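Because the structure is a prediction, the values reported are computed rather than measured. Within every chain, numbering begins at 1; the chains are lettered A, B, ... in the order of the sequence lines, protein sequences first and strands thereafter.
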There are 2 protein chains.
Amino acid sequence: MEKQEITIYDVAREAKVSMATVSRVVNGNKNVRDDTRQKVLAVIDRLNYQPNAVARGLASKRTTMIGLVVPELNNLYFSELSKGIDDIATMYKYNIIITSVDTSVNREEDVISALLSKQVDGVIYMTNELSTIARDAFTRTRTPVVLAGTVDAESKLPTVNIDYQASITEAVELLANNGRKKLALVVGKEDADINRSYRMKAFAEATTKLGLTDSADLIFPNNFGYEDGYDLYEKIKANNVDGMIVTRDVTAAGLMNAALDAGVDVPADLEIISANNTIISKIVRPSMTAIKQPLYDIGAVSMRMLTKLINNEELDEEHVTLPYSISKRNSTK
Amino acid sequence: MEKQEITIYDVAREAKVSMATVSRVVNGNKNVRDDTRQKVLAVIDRLNYQPNAVARGLASKRTTMIGLVVPELNNLYFSELSKGIDDIATMYKYNIIITSVDTSVNREEDVISALLSKQVDGVIYMTNELSTIARDAFTRTRTPVVLAGTVDAESKLPTVNIDYQASITEAVELLANNGRKKLALVVGKEDADINRSYRMKAFAEATTKLGLTDSADLIFPNNFGYEDGYDLYEKIKANNVDGMIVTRDVTAAGLMNAALDAGVDVPADLEIISANNTIISKIVRPSMTAIKQPLYDIGAVSMRMLTKLINNEELDEEHVTLPYSISKRNSTK
DNA sequence: ATGAAAGCGCTAACAA
DNA sequence: TTGTTAGCGCTTTCAT
């Protein structure tokens with residue numbers, strides 16, 4: 001099963017130089033006479049030589065690979081984040097090993113240690129509030145880690161986020177200003193919803209502060225997909241809710257469609273705000289008001305931070321908070 | 001920057017055995033006495049030893065990593081495929097290096113050679129009709145390659161697909177049976193739309209065969225996102241189209257919303273079929289009739305095939321064609 | 001069943 | 001500027 005035919009040794013022989021010189025040429029080292037460089041380059045080209053990144057990784061202790069941990073693959077929220085990471089990673093010539101922790105097949109612990117054993121140069125973790133397992137693993141390793149869209153009060157890891165609490169507070173205020181009296185917060189599963197507890201806390205506080213005391217407890221957890229949202233509407237209706245904030249866009253779409261199917265007028269009788277502004281918010285009718293997170297930027301900034309950490313450069317800020325906004329569309333007045 | 005503290009050598013010393021024995025234990029080799037195994041395992045546990053996958057890869061020529069090439073990251077179509085791949089890969093303990101070729105930043109050639117230089121054990125390619133560059137690279141390498149959702153008439157690479165031509169033909173017939181007279185096909189960019197030319201061919205043939213000769217040329221290319229679809233509606237209207245097939249779901253949603261905003265009755269005046277049945281087809285109102293591809297299965301089967309190729313096992317079929325269906329919803333009669 | 005030793009293909013001192 | 005020579009941490013014959 002030899003995959004590697006041509007090695008640095010072959011090139012050296014053919015070009016009548018040492019391996020070291022070939023290595024220098026390949027790595028762009030300046031200390032090579034120009035005609036030597038040309039000669040080596042010609043041989044490399046002729047033999048179609050490709051350096052073996054594994055051998056290189058072993059010798060140099062740098063793999064030019066970074067690990068990316070996401071909760072789900074088929075979710076536009078993480079896709080958008082990933083795209084930001086990918087673009088910057090490409091710019092810096094890093095490859096991305098992506099691992100999801102959404103299947104019961106893989107335990108988070110195994111996933112992380114597999115990543116670390118592969119000697120990735122860094123890890124970007126964007127799987128919700130940091131689990132104990134992950135926190136322990138990241139504390140133990142010397143591999144740099146950045147948390148993207150993931151708050152963790154207990155660890156010192158660098159983070160890139162928006163102000164989740166403020167965004168929920170603002171959404172609550174928006175609904176209250178529109179005269180809504182009975183609000184609800186619909187969130188996802190504990191292990192698959194970014195910063196769920198921060199949002200829940202903000203919701204309870206903001207509603208209480210605004211005197212909507214019977215809203216403070218109206219938090220519906222464990223809603224995942226479109227169907228979950230659709231089915232949940234029964235309960236929303238039973239509670240006479242007239243305004244809600246839904247963390248996941250597909251769930252929000254399910255709730256809205258259920259309401260529409262039940263003959264409810266959105267936004268006249270029920271206002272909805274999604275906490276994730278993916279394309280879905282724009283596509284649905286009525287289009288949905290949503291908290292617009294700079295997902296791409298969160299990814300890009302995280303990756304940029306990681307490159308600095310990898311190169312032992314100083315970080316301007318350990319914890320970056322990016323601005324969010326609320327895109328007002330037609331599911332609110 | 002030492003990342004690896006504990007090596008196999010440390011374990012060997014502490015357990016008073018040779019490296020070879022530790023290696024055997026780690027790799028589950030049978031030729032180890034049971035008490036030796038226990039002893040080694042205890043030390044491994046105590047020292048928290050993690051084998052260095054890079055060193056292992058260099059020595060064994062297997063990296064337990066596979067490469068995945070996709071055109072875009074933030075597209076539910078590929079997300080769903082990726083999920084199928086990921087689940088099977090996890091099962092077989094492979095990690096996935098994912099690379100997109102959607103940015104102008106990265107040339108396909110570089111992306112592929114970066115992947116191969118990383119000594120991945122195999123590659124799954126799902127970027128549309130195989131480019132010349134990719135075909136050449138894959139012909140040259142010994143690394144196994146599987147094409148997922150990608151037809152290529154010229155190469156001998158294993159593939160997993162649905163019958164794209166038949167699916168379009170069936171969609172055309174559905175619209176024709178509903179009495180539609182002027183059909184259109186809306187496709188994406190050449191390099192970002194799976195098997196575009198097969199679909200175009202099938203569309204032209206099917207419409208001609210059904211006597212809808214002025215539909216045969218009504219193919220609108222280069223439509224990418226939601227806005228593209230929305231803006232394209234002008235032309236659709238100008239051509240008096242009364243039924244259309246749109247390869248990308250977001251584009252279909254854009255077209256439909258534009259039609260609705262223009263006061264058109266969907267499906268009474270205009271019927272729409274999406275060629276990608278992602279969650280978006282279900283969410284939009286009216287919900288959209290869509291060609292339902294077994295995306296998850298295409299991914300899973302591809303990955304399973306790849307594991308066989310990696311292990312030099314016989315393939316049952318070189319070219320797998322999975323069944324599709326048309327999910328009838330409310331954008332057709 | 002266990003150990004010794006030779007690589008895997010490359011980088012990085014250190015010499016020259 | 002170039003070459004020599006140790007490794008990097010592991011797997012894998014080949015002995016024993």
Side-chain angles (χ1 to χ4, degrees), chain A residues 1-41 43-44 47-65 114 116-121 142, chain B residues 1-41 43-44 47-65 114 116-121 142:
Chain A
M1 261 200 92
E2 329 112 83
K3 289 175 180 172
Q4 187 79 18
E5 301 126 340
I6 312 294
T7 71
I8 197 172
Y9 196 79
D10 299 317
V11 176
R13 181 168 30 71
E14 292 284 313
K16 301 196 203 320
V17 296
S18 71
M19 296 164 57
T21 300
V22 178
S23 177
R24 287 189 189 101
V25 171
V26 167
N27 293 298
N29 189 310
K30 289 289 163 198
N31 288 7
V32 183
R33 226 175 46 217
D34 204 54
D35 57 330
T36 320
R37 180 186 310 279
Q38 296 311 325
K39 191 170 59 179
V40 172
L41 248 20
V43 175
I44 286 178
L47 300 185
N48 215 304
Y49 167 67
Q50 288 289 126
N52 180 322
V54 174
R56 198 181 244 187
L58 184 57
S60 70
K61 297 192 174 302
R62 299 176 113 259
T63 55
T64 61
M65 296 193 303
L116 295 177
S117 81
K118 246 104 188 181
Q119 312 302 117
V120 291
D121 294 336
R142 287 203 178 95
Chain B
M1 257 198 97
E2 329 111 85
K3 288 173 181 172
Q4 187 79 19
E5 301 125 340
I6 312 294
T7 73
I8 196 172
Y9 195 80
D10 300 317
V11 177
R13 181 169 27 73
E14 292 285 313
K16 303 193 201 319
V17 296
S18 70
M19 296 165 54
T21 300
V22 178
S23 176
R24 288 188 188 99
V25 170
V26 168
N27 293 297
N29 189 311
K30 290 289 162 197
N31 287 7
V32 183
R33 227 173 48 214
D34 204 54
D35 56 331
T36 319
R37 179 185 311 279
Q38 297 311 326
K39 192 170 58 178
V40 172
L41 250 20
V43 174
I44 286 178
L47 300 186
N48 214 305
Y49 166 67
Q50 287 289 127
N52 179 323
V54 175
R56 199 181 244 188
L58 184 58
S60 70
K61 298 193 173 302
R62 298 177 114 259
T63 55
T64 62
M65 296 193 303
L116 294 176
S117 79
K118 246 105 189 181
Q119 311 302 113
V120 291
D121 293 336
R142 287 203 178 96

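Rounded to whole angstrom, the span from the CZ atom of Arg13(B) across to the P atom of dG9(D) amounts to 13 Å. Distance CD (Glu5(B)) to C1' (dC8(D)): 15 Å, rounded to an integer number of Å. Following rounding to the nearest Å, Met19(A) (CE) and dA15(C) (P) show an atom-to-atom distance of 19 Å. The distance between atom CD of Gln38(A) and atom P of dT1(D), rounded to the nearest whole Å, is 15 Å. In this structure, Arg62(B) atom CZ and dT11(D) atom P are separated by 13 Å, rounded to whole Å. Rounding to whole angstrom units, CG of residue Asn27(B) and P of dG9(D) are separated by 17 Å. Atom-to-atom, CG of Asp10(A) to P of dG9(C) comes out at 9 Å; the value is rounded to the nearest Å. Here the P atom of nucleotide dC10(C) and the OH atom of Tyr9(A) are 13 Å apart, to the nearest Å.
If you run side-chain contact (heavy atoms from CB on, under 4.5 Å) between Thr36(A) and each of Val17(A), Val22(A), Leu41(A), only Val17(A) comes through. Screening Gln38(A), Lys39(A), Arg37(A) for a side-chain contact (heavy atoms from CB on, under 4.5 Å) with Val25(A), the sole residue that qualifies is Arg37(A).
A side-chain donor-acceptor contact under 3.5 Å links Lys118(B) and Thr64(A).
OP1 and OP2 of dT11(D) both lie 4.0 Å or more from every side-chain N or O belonging to Ser60(B). Contact between the side-chain N/O atoms of Asn52(B) and the OP1/OP2 oxygens of dC10(D) is not found at any separation under 4.0 Å. At the phosphate of dT11(D), OP1 or OP2 sits under 4.0 Å from a side-chain N or O atom of Arg56(B).
Val54(B) comes within contact range of no nucleotide atom at all, as no heavy-atom separation falls under 4.0 Å. Within the nucleic acid shown, Val17(B) comes within 4.0 Å of sugar-phosphate atoms alone, with no base atom in reach, counting heavy atoms only.
In this structure, the nucleotide among dT13(D), dG9(D), dT11(C) sitting nearest to the side chain of Arg24(B) is dT13(D). Considering only the side chain of Ala59(B), dG7(C) comes nearest among dG3(C), dG7(C), dG3(D). Checking dC10(D), dG9(C), dC10(C) against every side-chain atom of Lys61(B), the shortest atom distance belongs to dG9(C). Of all nucleotides listed (dT2(C), dT2(D), dG9(C)), dG9(C) comes nearest to the side chain of Thr7(A). When the nucleotides dA4(C), dC10(D), dC10(C) are ranked by their closest atom to the side chain of Ala20(B), dA4(C) comes out on top. For Thr21(B), counting side-chain heavy atoms from C-beta on, the closest listed nucleotide (dT11(C), dG3(C), dT12(D)) is dG3(C). Set against dC10(C), dT4(D), dT2(C), the side chain of Tyr49(A) has dC10(C) as its closest nucleotide. Residue Ser23(B) places its side chain closer to dT12(D) than to any other of dT12(D), dA1(C), dG3(C).
A donor-acceptor pair under 3.5 Å links the side-chain atoms of Asp121(B) to the main chain of Thr63(B), judged by distance alone. The backbone N or O of Ser23(A) sits less than 3.5 Å from a side-chain atom of Asn27(A), completing a donor-acceptor pair.
To the nearest 0.5 Å, atom OG1 of residue Thr21(B) and atom CG of residue Asn31(B) are 10.5 Å apart.
Both Ala55(A) and Lys30(A) lie close to DNA chain D; mapped to their nearest nucleotides by heavy-atom distance, the more 5′-ward contact belongs to Lys30(A). Summary of the strand contacts: Leu58(B) and Arg33(B) both lie near DNA chain C, and taking for each the nucleotide with the nearest heavy atom, the more 5' one is attributed to Arg33(B).
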